[in-house]
Every structure is written in structure tokens, then in C-alpha cells.
2 protein chains.
Amino acid sequence: MATHGARGRSGGRPTLEEVAARAGVGRGTVSRVINGSPRVSDATRAAVEAAVAELGYVPNTAARALAANRTDAIALVVPEPETRFFAEPYFSDMLKGVGAELAETEMQLLLIFAGSDRERRRLAQYLAAHRVDGVLLVSVHADDPLPDLLAQLEIPAVISGPRSAAETLTSVDSDNYGGARSAAEHLVSRGRTRIAHITGRLDVYGAQRRVDGYRDALRDAGHGVDERLIEPGDFTEEGGARAMQALLARCPDLDAVFAASDVTAAGARQVLREEGRRIPDDVALVGYDDSAIARHMEPPLTSVRQPIEEMGRRMLDLLLTEIADRRPAVSRGLERPQMVLQTELVTRASS
Amino acid sequence: MATHGARGRSGGRPTLEEVAARAGVGRGTVSRVINGSPRVSDATRAAVEAAVAELGYVPNTAARALAANRTDAIALVVPEPETRFFAEPYFSDMLKGVGAELAETEMQLLLIFAGSDRERRRLAQYLAAHRVDGVLLVSVHADDPLPDLLAQLEIPAVISGPRSAAETLTSVDSDNYGGARSAAEHLVSRGRTRIAHITGRLDVYGAQRRVDGYRDALRDAGHGVDERLIEPGDFTEEGGARAMQALLARCPDLDAVFAASDVTAAGARQVLREEGRRIPDDVALVGYDDSAIARHMEPPLTSVRQPIEEMGRRMLDLLLTEIADRRPAVSRGLERPQMVLQTELVTRASS
DNA sequence: ATCACCTGTGGGAGCGCTCCCACAGTACCT
DNA sequence: AGGTACTGTGGGAGCGCTCCCACAGGTGAT
């Protein structure tokens, strides 16, 4: 077996050097072919490709990473316990979008949960070691230090819901304001006048924007805003039930509810039913997300659809661009892109 | 800034060399401390650790991987489309077990779906590049070529359900035979005499073993086995419904059904209900997996519990051992461990 | 005093790539 | 003929580690 090098290798994987020897060219040329550089003649390229095929050459990722100072991997970081990840379709849809887009590339996707303190410490260590070229961040709360850590380490990152209007990271979001507004306007157009809102977690910026949209829609419709019709929730089913109880106790005359998520709406529905209110006859109900829950609810739930898969795809696009530009946009003095995708109201029997 | 080396570096991450200089020791010594070698004096170790802390040194994974020829990463390969992964609690439980055990180590877990042909080709490439030190394989069908590829590449691997009694890979499994047997015996003890079985996909070895357990239990109870009471399913809800219809048409006198999964049982329940059979009064129903579905079914479903999380933990244990031994067990002439975990029948109102 | 044998340490060589400089060859101007 | 500019190519240097050989210094036997 014709190998060179001092340490006798035992017929392991072929190296660039061996491919070069076989093709009768230099190391640099093989590298150029492997990496798709245009500065190679057609004949040479063909010879190299033949040698690669004959030897079954596969580049050594570690060597490449060391020499080129990149990893060809990106992380999808979910700052939640795994349980929530599996429970909420939001995440799997996002993953699907990212995965689909990523299949076009040579990049590797890592899924990292950072729900517990321990996991977060691990993640920090991981990022400090620069084991990924970029990070996709979903579901981040307003006070999360993760984005700052990323900025400090100069790791390209894209966030799925900005933390505030002044988000410094590149972000992709759906139009929470517009979505909420369309839901409230829809209820107004159905002749409802006492429209309540169960909010999401208010430390999530998008939840605040939904409240804004709801408020503005009612005000512009000339209904005015009754603050007693607004009850905070937390995106969960129990939170929705709790809020619904509070609302019914406070305003028994309400005739519609706009919930900040489908899961919240499910909790509200349960309480409405127990209290003998018919949906939609007595109380119209609208949710947010247009998840499977909405379609399977009894009656089927009107809901605001977010293009989550597309958000995933766009996030990846933006991240890859940032990585290609090799620096976070801010350190190049550019403004961070803030992409906002439109929502769509899906009308069903509940309203 | 005190850096050496020809290519002027711009104050990037500290290297081993810099830590060594700071601690006043050699490169080798720092490496020994980092890797926990015992051959270092306490004083030196302390000095190195101080330097590491001061400089915020984090080892460069790529360099380590290149020099040591390992990646410190393992893959959990799911030969299914992502959709099924999220739909079936089996996978997330398994992931939880693996994740918990892995948190103890420095290893990185990759989640890889290989449902489509395209994804499988990608995976093959990935494995050929030896980008992971080992592989955890779940839900593999009898004719899957993946295990052979792994063996050929000499990548340590552990499989979650053996493909056959002659599985060549290290495997972890629950006692499908015993689990099915306990389910059937339970129905017998409840006085049922016409006990049907809806099987799983029969190209999955575990599904076959469940049929065996069912058969033996009935035979040993002196009931004999009526082959018309066995109907093939495929672990899905639709499959369960279809099989239930066939069974009712063929054997209207059946008084119990043992389904190969909870999801299958859910499909069967739907049909039984439509046909006006009461559960458990007319027909007793038993499932398999003891998933959330079983607890939430109406009536709650008796089911065979598999310790899936523990299976995940055990798989990881075995894999890490094999990696530490640095060769797949078979090439060292050892017999592959075949670990089998016990199941437990959880009795509820459906039987 | 000599030898053997520990423990702890330093540093050369090498892992398999990419980057980049150097240079041969060709083409097209002055 | 000489200059300039490009294309295609080879190969040195270096990425930041681990591995391992060499060796200093100590200890206890002969």
C-alpha cells in the first residue's frame, strides 16, 4: 500500500494528498476542485473528480474546520425544556422549515435545548468554543442574556421573535400587531361589541404587540377599549382557563374572546362550556397560530395563521448570509435586517 | 498584545501554547491537565488551571478532533420522517433518556432524521466522513442496510430494537415477548375467551415477538390459538381501525382485543364504539406503550409499559463503552451485548 | 558509587486540510 | 522585442491540538 508519512498508517481513509498523487496534480488543485473554485481547467477538474471517485475520498471535516476556521454547523437553540419543544407544534414547524432549507446546503444542524441552568452553562461553553458558525434563536424572553453573549462572541445569529422594538439582532417575525388586529376587526365585523382579550406572556414582545393590535382595532372601530376586558395569560391551556374565569366573573356580558394562542383558546373554551355559554352563539372565540388544535376543536376554531415554516426558512437564509459575510452585520456598521411576515385569518365555525 | 507566530493574529482565542507560556510550563503539560491525566504534580496543575481561568481558555475542538482522531459527538439516527418523530412519544422519551445520560459527559448529541432517500444519502456521506464517534439507531426495519454500513465503516453503534434474533449489533430492547404475554394472560384472567390480536408492522422484529407472546399465553392457558383472531396492523391509528373492522366482520363473537400499540388501540376503540360495542363490558381492550394516549383514552386504556427512557440511557451507556474500547465489539471477537429490559402491565378501566 | 526504575516535564512531529505566494504559460497590448 | 495582465497550477506554511520520545531528577536497591 503506497502511503507516505512517517507514522505508518494502516490503510485508513484517503487524504487530499493521495487524491492529488492519483490525479497527477498538486494538493492545492484538488482542494480547489473539492471546494468548487472556478479557477480550474475542465480537464484537470475531470481528472481530480475521477480520482476522488476511485479512492472514495471524503474530506476530513476536522482538518477543514481547523484550517479554515469554520465548522459548517449551525445550532437551533431552544431556550425551553425539551418537553415544551415536543408539545408545541410551533417548534416542530420551525424545525421543518429550517431543515428543508438546510437540505440544500452542506451545513449540519444541531438542536440544542437550554431550558435548565445547567443546560445553559453547557451552551455557553459550547458557544465559547465556537463549535457552530451561527445560531438560530427561537422563543426568547425579554431579559434573556443569550443574545448579548452571542454578540460578544461575534457569532452570527438570527432571532425568531425580536425581544423589543429595538432588537439588535437580525430577526424574523410574523406581524403580531396586524394578526391581532385582523382578529379583532373580524369579531367587530361579526357584530360583537364586548370583545375580550386573553394575552400571552407579556415578557414576550410579540404578545405585547398583539395587545396593541387588539386595542387599536377596537379603538378605530369606535368601540373604545375597556381595560377590564383584557386579562393576562401565559400561552398555556391552564392560563387560558384561569383568565376566562376571571373575565366571566368581571364582565359576564362579554360576547367574544380573542385568545393569544390556540392552546389558550382551548382553555377558555373549556370554561365557557362549563359556564353554559354556547360558541359561537353566545360567545365568539378566536385563537392564534392556526395549529392542529384549531382544526380539531369543537367547534373548529377561527385562528390567525403564522407562516412558521416560512419563518424558519427565512431565518436560515438570513443566517447563512450573515455567515457568508463572515461578521455579524452590526460590526460592519450595517443595519440589522428585521423581516416581518404577514399573517392570515382563517375563519371557522367558532366566530 | 503578546502573540507569536508568523501570521499576525488579531487577539483571537487563546491557545494551548499561550496558556503554557502563562503558566510557565510546556505545551504537553497543559494538554495533560486539560485532559485530566494523573501524571501531573498538584502544584503544576494548579498553575495551569489558574492560567486557563485567567485567559478564558477553551480548547479548540477541531484541532483536538484532527489530532486525536475523534469527534466527541454521537448521533441519534431516526430512520423515519420528522413528522413521525414528533407524533410518537416513543422517540421523545428515548431522546430524554439519552439526553439525561449524556449531560454527564462532554459529548455532543446530534439528531439525524433519515426518512427520505435523500436524507439517507446525506447520512451515508456523513457517516463516511466519520463525523461522529458512534451511532444510536432506533426503530430499524428488518431489511434496513444502515446497520451493515455502520459495521463496514467500523463505527460503534447500538440499536434499540434488534432486527432479528441474530442481531449482530449491540442492542437494547424491552421484553416484547413477555410484555405481550402478560397482556394476553391478563385478559385470560379476566375471563375472556375470544381474545383477538392486532399486530404491529411484522417487518419489525419486536412486533413478531409480541405475536409469539400472545400465542404462547393463549396456548398455555388451554385456549388454543384461533388464527382468524390475529390481524396484521402497522402501529398506526388507521391501521388499527382497519384491522378492527376486519376482525369484527370475521369474528363477531370476540370479547377482547390486544393491540400492538396504544395508537393502534385508539383506532380499534373508534371502530368498536361505532359498532356499538361497549368497553370493557362487551370487549376488553389492551394496548402497548403506556403512552399519554392510554391515560387519556375514554375509558382509560390498560397498556404494557416499556421503560423507554431507561432504554435510552442504557443504549448510551453501551455505546460509550464501545467507543471507549475504540472498536466495535465484534472486531475484538467479543459477543455483542443484548440487553433486554422488563415491561410492566398497567391495568386500567378498559379491561 | 553504580544501576535500575520510577514520576513529572518539555517539545518535536504530525493529524489533513486551506490559504496564499510564486511562477509558468498564454494572450494581447504597445 | 518588451511590457502588462490574466489563467491555471504547485507547494510551503500554518491552523491548535495530541502523541510520544527524551530526559532531568529523585529514590532505593546493589
Side-chain angles (χ1 to χ4, degrees), chain A residues 3-10 12-48 52 55 57-72 106 128-131 133 326, chain B residues 3-10 12-48 51-52 55 57-72 106 128-131 326:
Chain A
T3 59
H4 20 216
R7 252 189 240 174
R9 275 183 297 90
S10 51
R13 296 163 52 195
T15 69
L16 243 207
E17 192 94 43
E18 285 161 17
V19 173
R22 175 107 183 193
V25 301
R27 211 172 358 86
T29 302
V30 176
S31 177
R32 254 160 264 154
V33 171
I34 300 291
N35 293 290
S37 157
R39 313 196 136 296
V40 180
S41 72
D42 289 350
T44 307
R45 181 184 307 279
V48 170
V52 165
L55 261 32
Y57 171 75
V58 180
N60 180 318
T61 341
R64 173 178 285 177
L66 178 59
N69 196 30
R70 60 191 163 87
T71 64
D72 289 331
E106 295 282 84
H130 285 264
R131 293 187 65 168
D133 291 340
R326 219 59 223 177
Chain B
T3 59
H4 21 215
R7 250 190 239 174
R9 272 181 299 91
S10 51
R13 297 162 52 196
T15 68
L16 245 206
E17 192 93 43
E18 286 162 17
V19 174
R22 175 106 184 192
V25 300
R27 210 171 359 83
T29 302
V30 177
S31 177
R32 254 161 264 153
V33 172
I34 300 291
N35 292 290
S37 158
R39 313 198 136 295
V40 180
S41 72
D42 290 350
T44 308
R45 181 183 308 280
V48 170
V52 165
L55 261 32
Y57 171 75
V58 180
N60 180 319
T61 339
R64 173 178 286 178
L66 178 59
N69 196 31
R70 61 193 163 87
T71 64
D72 290 330
E106 295 282 85
H130 285 263
R131 294 187 62 170
R326 220 61 222 174

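Only this structure's heavy atoms are used, side chains among them; waters, hydrogens and symmetry mates stay out. Residue numbering restarts at 1 for every chain, and letters A, B, ... go by the order of the sequence lines.
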Within less than 4.0 Å of OP1 or OP2 of D:dC15, is there a side-chain N or O belonging to B:N60? no

For side chain to side chain contact (heavy atoms under 4.5 Å, CB included), just list the numbers for B:E18 and B:T15, CA-CA rounded to whole Å, side-chain angles, deciding distance to a tenth of an Å, and then say yes or no. CA-CA 5 Å; B:E18 286 162 17; B:T15 68; 3.8 Å; yes

So, for B:P14 and B:L55, which heavy atoms are closest and what is the spacing to 0.1 Å? CG-O, 3.4 Å

Just the rounded figure in Å: distance from C1' of C:dC17 to CZ of A:R70. 10 Å

Round to a whole Å and report the spacing from CG of B:L66 to P of D:dG14. 17 Å

Short side-chain N/O contact from A:N69 to OP1 or OP2 of C:dT18, under 4.0 Å: no

Which nucleotide, D:dC17, C:dC15, D:dT18, lies nearest any side-chain atom of B:T15? D:dC17

Shortest non-hydrogen separation from B:R64 to B:I34 and the atoms involved: NH2-CG2, 3.4 Å

Within a strict 4.5 Å, meaning less than it, do heavy atoms of the A:R32 and A:V25 side chains meet? no

For B:P59 and A:A129, the nearest pair of non-hydrogen atoms, with its separation, is O-CB, 4.2 Å

OG1/B:T61 to CG/A:L66 distance, rounded to the nearest 0.5 angstrom? 10.5 Å

Between the main-chain N or O of B:V58 and the side-chain N or O of B:R13, is there a donor-acceptor pair closer than 3.5 Å? yes

B:R13 CZ - D:dG16 C1' separation (whole Å): 9 Å

Check whether any side-chain heavy atom of A:E106 lies under 4.5 Å from a side-chain heavy atom of A:D72, and answer yes or no. no

Axis-to-axis angle between the two ends of the helix from C:dA1-D:dT30 to C:dT30-D:dA1 (five base pairs per end, rounded to 10 degrees): 50°

How many Å lie between CZ on A:R131 and P on D:dG16, as a whole number? 17 Å

Nearest-angstrom distance from the residue atom NE2 of B:H130 to P of C:dC17: 13 Å

Between P of D:dC17 and CZ of B:R64, the distance in whole Å: 8 Å

Just the rounded figure in Å: distance from C1' of D:dG16 to CD of B:E17. 9 Å

Please give, in whole Å, the distance from D:dC17 P to B:N35 CG? 10 Å

State, yes or no, whether a side-chain contact exists between A:R70 and A:D133 at a heavy-atom distance under 4.5 Å. yes

Heavy-atom contacts, protein to nucleotides 5-11 of chain D, under 4.0 Å, summarised as B (base), S (sugar-phosphate only) or - (none) per nt, yield --SSBBB

